[in-house]
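Each remark here refers to the structure printed beneath this line.
When a ligand or atom number is given, it counts from 1 through the structure's own listing order. Just so you know, these numbers use all the heavy atoms, side chains as well, and skip hydrogens, waters and symmetry mates. As the structure is a prediction and not an experimental result, all values here were calculated from the model.
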Amino acid sequence: MLYLDDIKILKDKVAVVTGASRGIGKAIAISLARCGADIAIINRGNAQNSEQTVEEIKQCGAKAKAYQCDVSDFNKTSETVAKILEDFSTIDILVNNAGITIDKLVLAMTEEDFAKVLDVNLKGAFNMIRHICPIMAKKRYGKIINISSVSGIMGNVGQANYAASKAGLIGLSKTVAKEYASRNIKCNAIAPGFIKTDMTDQLNANVKEQVINAIPMKKMGETQDVANLAVFLASPYSDYITGEVIKVDGGLFI
Ligand code: NAP
């Protein structure tokens with residue numbers, strides 16, 4: 001079998017992946033690197049984790065550098081994009097993956113809980129797109145991938161803020177796809193179901209069992225399941241696909 005990474009299909013491309021210090025973002029960053037792309041990773045705080053990701057990317061033969069930046073901060077994202085441009089000269093691929101949860105029922109959710117999740121998950125993606133789209137538009141090339149969630153499609157008890165942010169990402173993706181199609185920038189969203197990461201480790205055993213029972217494939221997904229789709233959407237194999245939302249959920253939402 002021929003894998004996309006065997007033919008270095010992303011050779012000479014530069015990818016920015018947010019939230020790549022661990023979990024899904026880390027798997028995406030390493031998978032893009034295996035396909036030949038150089039990688040700038042962004043995370044909020046934990047430099048130890050991000051340096052570990054950088055080392056693993058370098059082992060794939062790619063150039064890699066980590067940047068600490070809170071994606072919800074418009075000015076900081078602007079400065080970080082400028083630094084990435086200095087270090088890598090261009091940006092071809094943007095993966096907006098950084099995300100958080102603050103799960104509570106609506107009646108217990110504070111204004112801050114709601115605003116914080118929207119700020120990181122939705123405004124964070126807008127900030128990155130706002131600063132990177134002009135670079136892509138100028139070179140008439142770009143692939144943007146926003147990591148949404150099935151929660152944004154079907155809603156989820158205890159996740160009013162998270163589901164709203166992830167539904168918002170779908171609207172953002174479709175709009176960017178329409179606005180920038182003429183500049184050869186494609187923008188798609190991935191909607192993972194339940195994937196094994198620190199985020200889902202927080203769920204208690206009962207909730208996990210209920211979740212797995214609700215999934216037709218009867219198991220949680222691996223980070224690599226999401227990364228495989230991200231590689232496809234970043235590659236020329238998906239060049240006529242834009243404005244799509246593709247689920248990676250073991251059939252959870254059919
Ligand atoms: P995770 O393991 O909790 O990792 C989150 C990543 O986002 C970390 O690298 C973290 O950086 C970074 N991050 C958080 N807030 C940030 C901020 N303000 N600025 C910059 N970086 C920030 O999460 P995950 O499970 O891999 O999820 C990744 C994405 O997939 C999220 O958008 C999530 O909503 C989405 N998703 C996940 C699942 C799932 O089942 N896991 C399902 C659907 C969708 P630090 O290390 O510095 O904190």
TODO: Could you tell me whether K138 atom NZ has more than 12 heavy atoms of other residues or ligands within 6.0 Å of it?
DONE: no
TODO: Please say whether more than 12 non-hydrogen atoms of neighbouring residues, nucleotides or ligands are located less than 6.0 Å from NZ in K219.
DONE: no
Nearest protein heavy atom with distance in Å, relative to [atom]:
atom	value
atom 21 (N) of ligand 1	R44 N, 3.4 Å
atom 30 (O) of ligand 1	I147 CG2, 3.3 Å
atom 41 (N) of ligand 1	T197 OG1, 3.1 Å
atom 37 (C) of ligand 1	I24 CD1, 3.6 Å
atom 19 (N) of ligand 1	V71 N, 3.0 Å
atom 28 (C) of ligand 1	N97 OD1, 3.2 Å
atom 33 (C) of ligand 1	Y162 OH, 3.4 Å
atom 1 (P) of ligand 1	R22 NH1, 3.6 Å

Task: Distance under 6.0 Å and angle within 45° of ring axis: K63 vs F88 - done: yes
N-O pairing of [X] and [Y] below 4.0 Å:
X	Y	answer
D239	K143	yes
K13	D38	no
K196	D201	no

Task: Region of A191 that comes within reach of ligand 1 [heavy atoms, distance under 4.0 Å] - done: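 No part of A191 is near ligand 1 at this cut-off.
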N/O to N/O below 3.5 Å, does that happen between [X] and ligand 1?
X	result
G19	yes
N49	no
G45	yes
G25	no

TODO: Establish whether I42 and I39 are linked, either directly or via other cluster members, by ILVMFWY side-chain heavy-atom contacts under 4.5 Å.
DONE: no
Task: Nearest-0.5 Å distance, NZ of residue K58 to CD1 of residue I30 - done: 13.5 Å
Task: Reported CD1-to-OG distance for the pair I84 and S89, which is rounded to 0.5 angstrom - done: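 Rounded to the nearest 0.5 Å, the CD1-OG separation comes out at 12.5 Å.
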Open item on the list: Looking only at the side chains, is there a donor atom on one of Y67 and D87 sitting less than 3.5 Å from an acceptor on the other?
Closed with: yes
Would you indicate which of [options] comes nearest to [atom] when only heavy atoms are counted?
atom	options	result
atom 22 (C) of ligand 1	A29, S151, A98, A66	A98
atom 39 (C) of ligand 1	T223, V17, I195	I195
atom 8 (C) of ligand 1	P192, G124, S21	S21

Which atoms of ligand 1 sit under 4.0 Å from any heavy atom of [X]?
X	value
I100	14 (C), 15 (N)
D70	17 (C), 18 (N), 19 (N)
T200	39 (C), 40 (O), 41 (N)
S149	43 (C), 44 (C)
N43	11 (O), 20 (C), 21 (N), 45 (P), 46 (O), 47 (O)
F194	40 (O)
A20	9 (O)
C69	19 (N), 20 (C)

With a 4.0 Å cut-off on heavy atoms, is [X] in contact with ligand 1?
X	answer
K166	yes
S50	no
S72	no
G193	yes

- [ ] Look only at the side chain of N97 and the backbone of T18, and say whether a donor-acceptor pair between them is shorter than 3.5 Å.
- [x]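 Side chain of N97 to backbone of T18, a donor-acceptor pair under 3.5 Å: yes, one is there.
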TODO: Assess whether side chain to side chain donor-acceptor pair (under 3.5 Å) is satisfied between D70 and S72, documenting all intermediate values.
DONE: CA-CA 5 Å; D70 180 345; S72 67; 2.8 Å; yes
Open item on the list: For V17, run the side-chain contact (heavy atoms from CB on, under 4.5 Å) check against L94, L32, N96, I93 and tell me which one passes.
Closed with: L32
TODO: Starting from the C-alpha separation in whole Å, work towards a yes-or-no answer on side chain to side chain donor-acceptor pair (under 3.5 Å) for T110 and D113.
DONE: CA-CA 5 Å; T110 65; D113 297 332; 3.0 Å; yes
TODO: I would like to know whether K26 and T223 meet side chain to side chain donor-acceptor pair (under 3.5 Å); could you show each step before the answer?
DONE: CA-CA 8 Å; K26 179 175 180 177; T223 55; over 6 Å; no
Task: Pair D103-Q159, side chain to side chain donor-acceptor pair (under 3.5 Å): steps then yes or no - done: CA-CA 5 Å; D103 293 353; Q159 291 198 312; 3.3 Å; yes
